[in-house]
Amino acid sequence: MVKKPFHPAGPRPAAPAGGPRGPRRDNRGPAAKALPNNINDSIRAREVRLVGDNVTPGIYPIQEARKIADELELDLVEISAQAEPPVCKILDYQKYLYQQKKKAKEIKAKSTKVVVKEIRFGPQTDDHDYNFKLKHATGFLKEGAKVKAYVFFRGRSILFKEQGEVLLLRFANDLEELGKVEQMPVLEGKRMTIMIAPKKKA
């Protein structure tokens with residue numbers, strides 16, 4: 001079943017029985033202004049450039065472009081108002097808005113879901129414990145998570161802060177194929193921290 005055109009100002013009046021369809025309604029109203037695009041009768045250019053799969057690309061008088069959209073029972077949508085002439089597509093605008101909203105949500109979800117995994121060391125971590133934690137960090141980076149590694153200094157162990165820095169730099173070096181250093185070792189209170197982010201896949 002072909003989708004009916006999208007009309008934010010209300011449904012178009014039904015055509016008289018046995019007669020041609022009445023003129024398109026002017027959608028320039030509060031509801032139309034809230035839309036991200038000019039559509040149908042809201043488009044005021046004298047001519048537009050049509051693009052898309054369901055039309056022959058080219059420059060058309062606005063009346064002809066609207067007629068084509070009418071015949072396809074779809075909407076004429078202005079997608080680039082700054083172009084000369086404006087660029088329009090003929091499509092199901094309600095479906096288009098849904099897809100744009102869904103795409104925006106996906107982009108927002110990807111940008112906000114930053115997982116940070118912590119790896120804790122002592123200033124005198126032995127090789128067995130180091131390799132165990134290196135293996136975990138490798139897995140975290142492969143999963144796309146950031147790794148926040150830190151050396152915790154208890155009491156007088158703060159005297160070994162240089163040793164802790166060497167350990168963190170070694171850790172970053174061993175992970176250089178999978179991650180890049182976002183923050184070099186920095187001492188904050190009793191913690192010396194380094195931040196490693198996963199490298200983008202080619």
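Note: hydrogens, waters and symmetry copies are ignored here, and every other heavy atom, side chains too, is used.
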Quick check for you: to the nearest 0.5 Å, what is the distance between [X] atom [atom1] and [Y] atom [atom2]?
| X | Y | atom1 | atom2 | answer |
| --- | --- | --- | --- | --- |
| M184 | L168 | CE | CG | 9.5 Å |
| L141 | I196 | CG | CD1 | 6.5 Å |
| F153 | Q163 | CZ | CD | 8.5 Å |
| D92 | L72 | CG | CG | 12.0 Å |
| L187 | M192 | CG | CE | 5.0 Å |
| I59 | R46 | CD1 | CZ | 15.0 Å |

With the side chain counted from C-beta on, respond yes when [X] and [Y] share a heavy-atom pair under 4.5 Å apart, and no when they do not.
| X | Y | value |
| --- | --- | --- |
| I119 | H136 | yes |
| R66 | I62 | yes |
| L97 | P36 | yes |
| Q99 | K95 | yes |
| P86 | I43 | no |

Practice problem: Please determine, by modelled atom types, if Y130 and D174 share a side-chain donor-acceptor pair under 3.5 angstrom. | Solution: yes
Practice problem: State, without any angle test, whether N40 and Y93 hold a side-chain donor-acceptor pair at a distance under 3.5 Å. | Solution: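 N40 vs Y93: no donor-acceptor pair found between side chains.
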Quiz item: Applying side chain to side chain donor-acceptor pair (under 3.5 Å), which residue pairs with at least one partner in residues 138-147 are found, sequence neighbours left out?
Solution: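 Listed once each, the pairs are K146-E182.
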Which atoms form the tightest heavy-atom contact between [X] and [Y], and what is the distance?
| X | Y | result |
| --- | --- | --- |
| I194 | Q183 | CG1-O, 3.0 Å |
| D129 | T125 | OD2-CG2, 3.5 Å |
| L76 | C88 | CD1-CB, 3.8 Å |

Self-check item: Residues forming a side chain to side chain donor-acceptor pair (under 3.5 Å) with E47, sequence neighbours excluded
Solution: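 E47: no side chain to side chain donor-acceptor pair (under 3.5 Å) contacts found.
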Quiz item: Which residues pass the side chain to side chain donor-acceptor pair (under 3.5 Å) test with N54, sequence neighbours left out?
Solution: none
Atom [atom1] of [X]: over 12 foreign heavy atoms under 6.0 Å:
| X | atom1 | result |
| --- | --- | --- |
| K133 | NZ | yes |
| K180 | NZ | no |
| N173 | CG | yes |

Exercise. Among F171, Y150, F152, find the residue that satisfies the ring-ring contact (aromatic ring centres under 6.0 Å, His included) test when tested with F121.
Key: F171
Quiz item: Do H128 and F132 have ring centres separated by under 6.0 Å?
Solution: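 No, the ring of H128 stays outside the 6.0 Å limit from the ring of F132, centre to centre.
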Quiz item: Can you hop from V186 to V116 via hydrophobic side chains spaced under 4.5 Å?
Solution: no
Practice problem: Dump the intermediate steps for side-chain contact (heavy atoms from CB on, under 4.5 Å) on Y96 and D75, then the final yes or no. | Solution: CA-CA 10 Å; Y96 172 80; D75 300 294; over 6 Å; no
